[in-house]
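Have a look at the structure below, then the notes.
Both backbone and side-chain heavy atoms feed into the values below; hydrogens, waters and symmetry mates do not. In what follows, every chain begins at residue 1, and chains take the letters A, B, ... in the order their sequences are listed.
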Amino acid sequence: MNYWLMKSEPSVFGIEQLAKAKNSTTGWDGVRNFQARNYLKEMKQGDLVFFYHSSCEIPGIAGVAAVQREAYPDPTQFDKKNDHYDAASDPSSPRWLMVDVKLVRKFDRVIALDELRKHADGKLKDMIVLKRGNRLSITPVTKSEWSFIESLERASR
DNA sequence: GCCAACGTTGGC
DNA sequence: GCCAACGTTGGC
């Protein structure tokens with residue numbers, strides 16, 4: 001099983017909305033970056049995901065979700081009215097994929113980016129989301145990073 | 001294939 | 001709102 005981090009802007013879709021969604025599940029559409037797309041392709045059912053809030057008051061990890069459905073073509077790429085429409089994508093060989101994720105647990109508090117950074121020279125020294133200039137919306141997380149962050153969260157409960 | 005211009009992300 | 005960092009596009 002693998003671990004991931006997926007960014008979402010809470011003003012667009014936050015963990016509260018995931019909690020309220022039918023079956024606490026949502027389709028993660030709109031990814032339009034090749035590297036992120038390749039990670040989507042690697043995701044397996046049951047993989048765990050840190051749900052990260054970006055571009056907001058307190059950027060950080062808001063909870064845990066799990067991959068419910070593995071990669072399938074993102075229909076928004078063929079919808080001319082959609083912001084993520086891609087005229088260059090061929091329906092017989094769709095360029096963009098999406099997965100479905102289900103909420104596992106909303107954290108009692110957001111594990112803020114600030115707090116994660118405190119460990120940027122230690123346990124989280126290789127964490128991609130802490131790297132300068134990182135903009136990738138989907139990144140792999142190592143098992144040790146995952147366990148450490150969960151311990152941070154547990155310690156505060 | 002290079003690289004300047006442009007658009008986007010996302011923290012601050 | 002600013003701006004650094006990065007991906008993509010398109011001219012050559």
Side-chain angles (χ1 to χ4, degrees), chain A residues 2-21 26-43 47-65 67 71-101 103-142 144-146 148-153 155-156:
Chain A
N2 288 310
Y3 302 93
W4 308 93
L5 180 145
M6 297 172 85
K7 293 179 187 172
S8 185
E9 297 184 26
S11 63
V12 178
F13 192 92
I15 201 159
E16 301 294 343
Q17 275 135 298
L18 182 57
K20 285 178 194 149
T26 192
W28 203 286
D29 61 12
V31 171
R32 295 294 181 270
N33 169 285
F34 289 103
Q35 208 176 341
R37 190 274 316 268
N38 292 343
Y39 286 136
L40 283 174
K41 208 187 290 186
E42 287 180 34
M43 289 184 180
D47 279 3
L48 293 175
V49 175
F50 280 138
F51 193 113
Y52 182 93
H53 281 172
S54 65
S55 294
C56 59
E57 197 173 346
I58 306 174
I61 298 168
V64 175
V67 176
Y72 59 101
D74 176 351
T76 64
Q77 69 195 300
F78 304 120
D79 178 1
K80 286 185 180 170
K81 295 193 198 70
N82 193 285
D83 284 347
H84 301 291
Y85 175 66
D86 182 358
S89 183
D90 176 358
S92 67
S93 174
R95 175 180 287 184
W96 305 114
L97 303 173
M98 61 185 284
V99 298
D100 290 353
V101 303
L103 182 67
V104 172
R105 186 163 64 88
K106 177 181 174 298
F107 288 166
D108 292 338
R109 66 181 180 102
V110 171
I111 309 297
L113 182 59
D114 277 350
E115 181 173 353
L116 297 175
R117 278 200 208 288
K118 288 177 188 164
H119 306 281
D121 292 325
K123 291 273 173 64
L124 301 180
K125 69 175 164 54
D126 295 321
M127 195 165 182
I128 296 168
V129 83
L130 301 182
K131 301 274 184 204
R132 180 181 170 79
N134 167 67
R135 299 186 313 167
L136 203 54
S137 64
I138 299 174
T139 53
V141 172
T142 68
S144 67
E145 288 162 353
W146 184 276
F148 179 70
I149 292 167
E150 285 211 313
S151 76
L152 289 179
E153 199 269 334
S156 66

Apply ring-ring contact (aromatic ring centres under 6.0 Å, His included) to A:F78 and list each qualifying residue two or more places apart in sequence or on a separate chain.
none

Could you give the side-chain donor-acceptor pairs of residues 9-17 of chain A under 3.5 Å, partners two or more places apart or in another chain?
from, atom 1, to, atom 2, distance (Å)
A:Q17, OE1, A:G14, N, 2.9
A:Q17, NE2, A:V12, O, 3.3

Examine the side chains of A:R32 and A:T76 and answer whether a donor and an acceptor come within less than 3.5 Å of each other.
yes

A:I128 CD1 to B:dT9 P: how many Å, rounded?
19 Å

Please name all residues satisfying side chain to side chain contact (heavy atoms under 4.5 Å, CB included) with A:T142, sequence neighbours left out, ordered by chain then number.
A:S144, A:E145

Restricting to side-chain hydrogen bond (donor to acceptor under 3.5 Å, both in side chains), what partner residues turn up for A:D29, sequence neighbours left out?
none

Anything under 3.5 Å between a protein N or O and an N or O of nucleotides 3-5 of chain B, put it in a table, one pair a line.
none

Residue set satisfying side chain to side chain contact (heavy atoms under 4.5 Å, CB included) with A:A88, at least two apart, ordered chain then number -> A:D86, A:R95

Tell me, which of residues 29-42 of chain A have any heavy atom that sits under 4.0 Å from an atom in DNA chain C?
A:N33, A:F34

For A:T26, the side-chain hydrogen bond (donor to acceptor under 3.5 Å, both in side chains) test, sequence neighbours excluded, returns none

I'd like to check the side chain to side chain contact (heavy atoms under 4.5 Å, CB included) partners of A:P73; sequence neighbours left out, ordered by chain and number.
A:Q77, A:P94

Let me have the donor-acceptor pairs involving side chains of residues 113-125 of chain A, under 3.5 Å, with sequence neighbours excluded, atom names and distances please.
from, atom 1, to, atom 2, distance (Å)
A:E115, OE1, A:R109, NH1, 2.8
A:E115, OE1, A:R109, NH2, 3.4
A:E115, OE2, A:R109, NH2, 3.4

From CD1 of A:I138 across to C1' of C:dC6 the rounded distance in Å is 17 Å

Would you tabulate the pairs of protein nitrogen or oxygen atoms and nucleotide nitrogen or oxygen atoms of nucleotides 10-12 of chain B closer than 3.5 angstrom?
from, atom 1, to, atom 2, distance (Å)
B:dG10, OP1, A:K7, NZ, 3.0
B:dG10, OP1, A:R135, O, 2.9
B:dG11, OP1, A:Y52, OH, 2.7
B:dG11, OP2, A:S55, N, 2.9

Applying side chain to side chain contact (heavy atoms under 4.5 Å, CB included), name anything that partners A:V67, two or more places apart in sequence or on another chain.
A:M43, A:D47, A:V49

